[in-house]
There are 2 protein chains.
Amino acid sequence: MPELNTTDALAQISFLIQDMVERRAAEHEGSLIQTRLLGILRDRKPTINELAALLGLDKSSVSGLVDRAAKRGWVRRVPSMVDRRSVRVALTDAGRSVVDSVAAGFAQDIEQLLAPLSDGDRDAITDVLTRVLIAHAREHGVDLFANLVR
Amino acid sequence: MPELNTTDALAQISFLIQDMVERRAAEHEGSLIQTRLLGILRDRKPTINELAALLGLDKSSVSGLVDRAAKRGWVRRVPSMVDRRSVRVALTDAGRSVVDSVAAGFAQDIEQLLAPLSDGDRDAITDVLTRVLIAHAREHGVDLFANLVR
DNA sequence: TATTGTTATACTCTATAACTATA
DNA sequence: TATAGTTATAGAGTATAACAATA
């Protein structure tokens with residue numbers, strides 16, 4: 001069997017996974033970044049600034065992103081109670097339905113991708129990847145469990 | 001230690017890796033897709049149509065992509081000898097220098113990311129991911145070893 | 001007629017800079 | 001003055017449809 005080096009294997013698997021998310025998002029006329037936005041909103045109502053930090057984007061980019069998500073009926077801006085300059089972004093029922101559907105489809109894609117693996121192999125890569133992610137999050141001062149799609 | 005499930009771990013690692021490629025590309029005012037383009041051209045001179053298939057884009061998107069890469073001096077269009085409708089896209093010396101530099105930086109990022117792992121863990125995930133990628137490529141009729149960044 | 005590539009058009013996504021309302 | 005968010009502007013990236021040149 002031919003073998004990839006570790007770098008190539010990780011690069012290729014990441015392109016594959018991004019592509020899966022994009023395809024699932026496209027089923028709802030959405031994009032990868034829209035899916036990430038909805039994913040964050042599943043369990044939070046962040047401000048625009050907080051979203052910018054979580055997504056690694058400028059606040060003006062997030063403002064437009066939220067505009068387009070709102071136009072599709074997936075999110076709404078809720079005025080902040082404590083600071084009249086600020087808004088909180090919340091998922092609508094339609095938005096929750098979309099993100100749930102994308103997440104379910106994506107889980108199915110991963111299920112199929114990993115079908116050739118034994119339970120032991122699966123546990124092994126989950127364990128190793130988790131350790132890598134935790135170490136990376138610690139080094140960069142990020143809370144791994146409050147980020148990305150989930 | 002907290003644990004992610006397999007789907008979350010794979011999703012997060014893929015976002016992390018894409019981000020690494022993007023940051024390295026940005027060191028040369030490039031993007032992820034420009035880097036993928038240059039990566040493909042490292043060992044081939046494809047037509048626009050072939051590039052469209054390899055990148056999963058419409059040929060008109062590739063036409064613009066190549067325009068912008070050419071404007072930066074990274075690629076050039078070479079008239080085909082056999083079909084006067086067709087062009088082949090080739091890397092320039094400047095383009096090769098950019099893609100080599102991005103690849104080297106990315107390899108360094110992965111090195112650092114995997115620093116916490118033992119040699120055994122490293123071999124294990126490389127082996128498992130390679131098997132997954134080969135199975136996926138076979139099922140989708142793709143030649144794994146003629147694709148993506150490399 | 002069919003194929004290769006480009007162009008016109010429209011939209012999403014992104015950053016920078018300037019602006020407003022509020023703090 | 002400083003901060004939260006929006007808007008104006010510019011550019012990359014993408015797809016669809018129409019087109020010219022060639023097969």
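Below, chain A is the first sequence line, B the second, and so on; all start at residue 1. Since this is a predicted model, take the numbers as computed values, not measurements.
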Check: How close or far is atom P of C:dT14 from atom CG of B:Leu32, stated in whole angstroms?
Finding: 12 Å
Next item on the list: Please identify each residue that fulfils ring pair (Phe, Tyr, Trp, His ring centres under 6.0 Å) with A:His136, with sequence neighbours left out.
Entry: A:His140
Is there any protein nitrogen or oxygen under 3.5 Å from a nitrogen or oxygen in nucleotides 2-4 of chain C, and what are the pairs?
from	atom 1	to	atom 2	distance (Å)
C:dT3	O4'	B:Arg85	NH1	3.4
C:dT3	O2	B:Arg85	NH1	2.5
C:dT4	OP2	B:Asn49	ND2	3.2
C:dT4	O5'	B:Asn49	ND2	3.4
C:dT4	O3'	B:Ser86	OG	3.4

Check: Through what angle, rounded to 10 degrees, does the axis of the helix from C:dT1-D:dA23 to C:dA23-D:dT1 turn between its ends, using five pairs per end?
Finding: 10°
Item checked: Residue whose nearest DNA chain C nucleotide is more 5′ - A:Asp58 or A:Gly30 -> A:Gly30
Next item on the list: Please say whether more than 12 non-hydrogen atoms of neighbouring residues, nucleotides or ligands are located less than 6.0 Å from CZ in B:Arg77.
Entry: yes
Notebook entry, point to check: How close or far is atom P of C:dT16 from atom CD of B:Glu29, stated in whole angstroms?
Noted result: 12 Å
Notebook entry, point to check: Does B:Arg72 pair with B:Glu29 as a salt bridge, N-O distance under 4.0 Å?
Noted result: no
Margin query: If the threshold is 4.0 Å, N to carboxylate O, is there a salt bridge linking A:Lys71 and A:Asp67?
Written below: no
Check: Which of residues 66-77 of chain A have a heavy atom under 4.0 Å from DNA chain D?
Finding: A:Arg77
Check: Is it true that B:Glu50 and B:Arg88 make a salt bridge, defined as a side-chain N closer than 4.0 Å to a carboxylate O?
Finding: yes
Next item on the list: Begin from the C-alpha positions of B:Met20 and B:Leu113 and carry the test side-chain contact (heavy atoms from CB on, under 4.5 Å) through to its verdict.
Entry: CA-CA 10 Å; B:Met20 286 171 169; B:Leu113 181 69; 4.1 Å; yes
Next item on the list: May I ask you to say whether A:Arg122 pairs ionically with A:Glu111, meaning some side-chain N is under 4.0 Å from a carboxylate O?
Entry: yes
Margin query: Under 4.0 Å, heavy atoms only, any strand: does A:Ser31 hit a base, just the sugar-phosphate, or nothing?
Written below: sugar-phosphate
Check: Out of curiosity, B:Leu91 CG to B:Asp100 CG, how far, rounded to the nearest 0.5 Å?
Finding: 8.0 Å
Item checked: B:Gln112 atom CD, over 12 foreign heavy atoms within 6.0 Å -> no
Item checked: Residues in salt bridge (charged side-chain N to carboxylate O under 4.0 Å, His left out) contact with B:Asp83, at least two apart in sequence or another chain -> B:Arg85
Note to self: Does the Lys NZ or Arg CZ of A:Arg36 fall within the cation-pi geometry relative to B:Phe15 - under 6.0 Å from the ring centre and within 45° of the axis?
What the structure shows: yes
Margin query: I'd like the 5' and 3' limits of the part of DNA chain D contacted by chain B, with heavy-atom contacts below 4.0 Å.
Written below: D:dA12 to D:dA23
Check: Side chains of A:Thr47 and A:Ser86: is there a donor and an acceptor less than 3.5 Å apart?
Finding: no
Margin query: Pick the closest DNA chain C nucleotide for B:Ser61 and for A:Ser61 by heavy atoms, then say which residue is nearer the 5' end.
Written below: B:Ser61
Note to self: Can you confirm whether B:Leu114 sits close enough to A:Val132 that some side-chain heavy atom of one is under 4.5 Å from a side-chain heavy atom of the other?
What the structure shows: yes
